[in-house]
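Below: one structure, written as structure tokens.
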Number of protein chains: 2
Amino acid sequence: MAIRPAEQLIHKAAWLYYAHGLRQDEVASQLNISRASVAMYLRKARETGIVNISTSTQLFTDDAMARRLEDAFGLDAVWIAPENAYLADPSTDIAVLAASVFLELAKKGDRIGVAWGRTVYTIADIMSFADLQDVTVVQLCGNLGAPYSYRPDQCTMEIARRLNAKGLNFYAPLVLSTEELAKSLRAEPVIRDQLAGIADCDLALYSVGAVDADSHLVKCGALSPAEMEALRSQGAAGVIAGQIIDARGEILDCSYNRRVISAELASLRAIEKRLMVVQEDSKFEPLLAAIAGGLCTHLVVGAHMAERLLQHAGAATKKAS
Amino acid sequence: MAIRPAEQLIHKAAWLYYAHGLRQDEVASQLNISRASVAMYLRKARETGIVNISTSTQLFTDDAMARRLEDAFGLDAVWIAPENAYLADPSTDIAVLAASVFLELAKKGDRIGVAWGRTVYTIADIMSFADLQDVTVVQLCGNLGAPYSYRPDQCTMEIARRLNAKGLNFYAPLVLSTEELAKSLRAEPVIRDQLAGIADCDLALYSVGAVDADSHLVKCGALSPAEMEALRSQGAAGVIAGQIIDARGEILDCSYNRRVISAELASLRAIEKRLMVVQEDSKFEPLLAAIAGGLCTHLVVGAHMAERLLQHAGAATKKAS
DNA sequence: CACGGCTCTCGACAAAAGTCAAATTTGCTT
DNA sequence: AAGCAAATTTGACTTTTGTCGAGAGCCGTG
């Protein structure tokens with residue numbers, strides 16, 4: 001596991017190369033090893049977070065549209081990934097941006113809450129490594145079944161690994177079959193402590209889910225398509241950390257929610273920086289709900305979604321006046 | 001001044017290359033420019049701080065000796081630059097390390113106090129660029145005459161430039177000819193405000209000067225060698241931000257100090273993180289004085305100095321028991 | 001409107017970095 | 001103690017990156 005012979009050497013090589021600006025062959029002769037080894041050590045140094053290469057995300061917040069969004073929705077900061085040019089796959093662009101923003105927001109000693117989903121896992125997957133000591137990554141909600149690699153615990157662990165941080169997993173299922181069982185489980189000391197610790201986080205990372213048959217809740221069997229549809233007609237507007245919220249961003253009063261083991265919305269709102277990342281345009285309504293509920297202070301979206309949000313805000317104020 | 005045609009392009013190129021991991025030729029075709037231009041933009045991006053490459057300084061604090069120093073002197077953190085191998089010039093190594101540490105300690109929105117001297121200027125000179133928004137770099141003491149490029153205002157401005165921060169200079173001489181004049185000048189609103197603002201800093205960067213004829217105070221003509229010698233016999237142990245301190249790290253009661261326009265020691269002590277960097281082994285006594293006076297919470301030194309400090313601490317405790 | 005002076009851009013070459021399979025070392029088991 | 005597997009190192013090769021001088025475009029000026 002531990003890179004035994006090196007670690008020290010990796011550090012030295014990285015130091016000479018990146019801090020002092022020597023060439024690889026100079027480093028090699030200093031350290032009495034071959035250039036090839038130096039190149040290999042340097043790659044390891046980058047992969048381990050011993051050296052850190054980060055790009056300023058300024059460009060994406062400086063945008064005029066980002067400013068207007070901040071004002072319109074009272075958000076602390078908004079980043080907009082330009083959908084147009086750049087790359088083939090726009091959603092990758094959003095994830096890359098989100099990962100950079102995330103690393104920029106994370107500080108040493110922080111406690112970071114992480115939810116789950118395709119978006120979160122994609123971010124974890126492309127996120128570069130960092131050397132954040134004393135960071136704890138906590139899982140915001142219970143687990144669900146296997147089929148997906150972006151299970152809650154996977155997301156938490158992967159991000160913890162990238163940050164060289166400690167991952168705190170949640171050993172409980174996301175959904176139980178009866179309300180009673182959920183209640184007793186929540187009362188268990190291990191679980192209770194974990195849930196209580198969520199409000200102490202400095203930073204949260206999550207996305208929001210749509211209320212439709214494509215939802216992971218349906219795909220994982222937590223809810224049937226029919227149940228989902230029923231919830232929708234009861235006012236379900238989105239999914240946050242495995243829980244159903246209504247259009248106001250409040251928890252929906254339903255049996256499902258009472259059977260879930262997850263962070264209370266109040267705990268989430270207590271977290272200073274709540275970074276929400278939304279990739280799909282289809283998540284417009286859920287996102288509005290999450291914003292309305294104050295579940296998001298920092299937002300990363302694509303240009304198209306940004307436009308829709310602004311349009312919506314414009315229409316709302318026009319109607320109001 | 002501003003790189004007009006690019007700025008945006010630089011950002012985009014940096015983003016595609018560093019965040020997305022494309023090759024230069026791929027970036028070039030995305031942006032419809034030549035590879036050569038891309039290479040040039042990327043250099044600019046690095047030079048501007050749009051991208052940031054930093055190496056963890058862990059290795060230098062993890063050292064057992066560093067731990068012992070922290071304990072022995074009650075410091076928050078100590079970094080030791082290994083004097084032995086590495087590079088031809090050990091003092092460069094200390095400066096490079098100090099610059100990395102400094103950048104690691106500096107946070108967005110900080111107010112940073114900077115003193116002057118060869119050490120500080122060397123650090124400024126080799127420090128890489130960063131994109132710290134809303135940072136203010138303030139000068140800790142008045143200015144002195146021209147001959148040196150490491151004048152107080154130079155140090156402040158250079159560091160501000162590297163950080164893309166605002167530099168707040170001090171338009172007053174370091175030493176005046178009479179105590180009265182110094183007193184009136186200190187009472188001037190402009191000066192008073194600047195002095196008062198020093199205690200609000202989050203981070204300070206300085207070294208400590210020796211009390212001898214090689215001191216810059218002598219070289220700049222602020223004090224004659226004879227005066228310096230006299231001060232030494234009066235108990236002068238070191239120089240901090242242009243002021244003379246005694247072995248306890250308190251301000252020395254002397255005419256010179258009363259004629260100086262500089263940060264009060266109490267203001268310096270009010271700064272949370274006081275980063276002191278010492279390159280020369282000859283500054284052993286001055287450093288002890290500075291530490292005794294609580295003028296240093298974070299310390300960067302060479303291995304040799306670290307050993308001497310530990311030896312001293314060991315002897316002191318042995319004597320005490 | 002032509003003329004330097006300026007910066008930006010590009011193509012071609014040189015230098016540096018990345019990669020891979022083979023060789024060597026290391027650690028552990030039988 | 002020998003044998004095997006995993007990890008590490010290296011030399012030789014390929015790809016990528018950096019650099020330089022020439023040329024092109026863009027002003028403000030005479």
Side-chain angles (χ1 to χ4, degrees), chain A residues 1-56 59 85-88 92 96 125-129 161-162 164, chain B residues 1-56 59 85-88 92 96 126-129 161 164:
Chain A
M1 177 66 241
I3 310 109
R4 222 206 78 284
E7 192 62 17
Q8 190 89 343
L9 264 185
I10 294 182
H11 231 304
K12 285 189 180 178
W15 188 251
L16 290 172
Y17 186 76
Y18 287 107
H20 282 278
L22 302 195
R23 266 177 291 113
Q24 292 193 354
D25 54 341
E26 295 181 295
V27 176
S29 66
Q30 280 277 334
L31 265 46
N32 277 96
I33 50 178
S34 72
R35 278 192 308 288
S37 296
V38 172
M40 188 245 219
Y41 286 153
L42 292 179
R43 181 161 37 73
K44 262 183 189 155
R46 286 186 300 260
E47 283 171 359
T48 324
I50 288 175
V51 320
N52 224 302
I53 303 184
S54 64
T55 319
S56 160
L59 183 65
Y86 283 37
L87 282 176
T92 304
V96 170
D125 198 42
I126 52 107
M127 184 159 60
S128 61
F129 288 74
R161 194 172 72 86
R162 303 266 172 158
N164 276 299
Chain B
M1 178 67 243
I3 311 108
R4 224 205 75 284
E7 191 63 17
Q8 190 88 344
L9 266 184
I10 294 181
H11 230 303
K12 283 189 181 179
W15 188 250
L16 290 173
Y17 186 76
Y18 286 108
H20 281 277
L22 301 195
R23 268 178 288 114
Q24 292 192 355
D25 53 342
E26 295 181 296
V27 176
S29 65
Q30 280 278 334
L31 266 43
N32 277 97
I33 50 177
S34 72
R35 278 191 309 285
S37 296
V38 172
M40 187 247 225
Y41 286 152
L42 292 179
R43 183 162 37 74
K44 262 181 190 156
R46 285 185 301 260
E47 283 170 358
T48 324
I50 288 174
V51 320
N52 225 305
I53 303 184
S54 63
T55 318
S56 162
L59 182 64
Y86 284 36
L87 283 175
T92 303
V96 170
I126 51 108
M127 182 160 62
S128 61
F129 288 74
R161 194 172 72 86
N164 277 298

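A, B, ... follow the sequence lines: proteins, then strands. Residue 1 opens every chain. Remember, it's a predicted structure, so these values are computed and weren't measured experimentally.
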Please write out each protein N/O paired with an N/O of nucleotides 23-25 of chain D under 3.5 Å, distance rounded to 0.1 Å.
none

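- Side-chain atoms of B:Y41 and B:I33, non-hydrogen and from C-beta on, do get closer than 4.5 Å to each other.
- Side-chain atoms of B:E26 and B:Y17, non-hydrogen and from C-beta on, never get closer than 4.5 Å to each other.
- Inter-residue side-chain proximity for B:L42 and B:V27 is flagged as unmet; no heavy-atom pair is nearer than 4.5 Å.
- Atom CD1 in A:I53 sits about 13 Å away from atom P in C:dA17, given to the nearest Å.
- Taking only side-chain nitrogens and oxygens, B:S37 comes nearer than 4.0 Å to OP1 or OP2 of C:dC10.
- Under the side-chain contact (heavy atoms from CB on, under 4.5 Å) criterion, B:S128 pairs with B:L103, not counting sequence neighbours.
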Table of protein N/O atoms under 3.5 Å from nucleotides 14-19 of chain D N/O atoms:
{"from": "D:dT16", "atom 1": "OP1", "to": "B:R23", "atom 2": "NE", "distance (Å)": "2.8"}
{"from": "D:dT16", "atom 1": "OP1", "to": "B:R23", "atom 2": "NH1", "distance (Å)": "3.2"}
{"from": "D:dT17", "atom 1": "OP1", "to": "B:Y17", "atom 2": "OH", "distance (Å)": "2.9"}
{"from": "D:dT17", "atom 1": "OP2", "to": "B:Q24", "atom 2": "N", "distance (Å)": "2.9"}
{"from": "D:dG18", "atom 1": "OP2", "to": "B:Q24", "atom 2": "NE2", "distance (Å)": "2.4"}

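- Residues that satisfy the side-chain contact (heavy atoms from CB on, under 4.5 Å) test with B:A28, not counting sequence neighbours, are B:R35, B:V38.
- Counting heavy atoms from C-beta outward, A:D125 and A:R162 have side chains that approach closer than 4.5 Å.
- Among all heavy-atom pairs drawn from A:A19 and B:T55, the shortest one is N-OG1, 4.0 Å.
- Note that the OG atom of B:S56 and the CD1 atom of A:I10 stand 12.0 Å from one another [nearest 0.5 Å].
- For A:R46, the side chain to side chain donor-acceptor pair (under 3.5 Å) partners at least two apart in sequence or on another chain are A:Y18.
- For the helix from C:dC1-D:dG30 to C:dT30-D:dA1, the terminal axes (five pairs an end, C1' atoms, rotation from four pairs onto the next four) enclose an angle of 20°, given to 10 degrees.
- Atom OH of B:Y41 and atom C1' of C:dC10 are 11 Å apart (whole Å).
- B:T48 has its side chain out of reach of B:F129: every pair of non-hydrogen atoms, C-beta onward, lies at least 4.5 Å apart.
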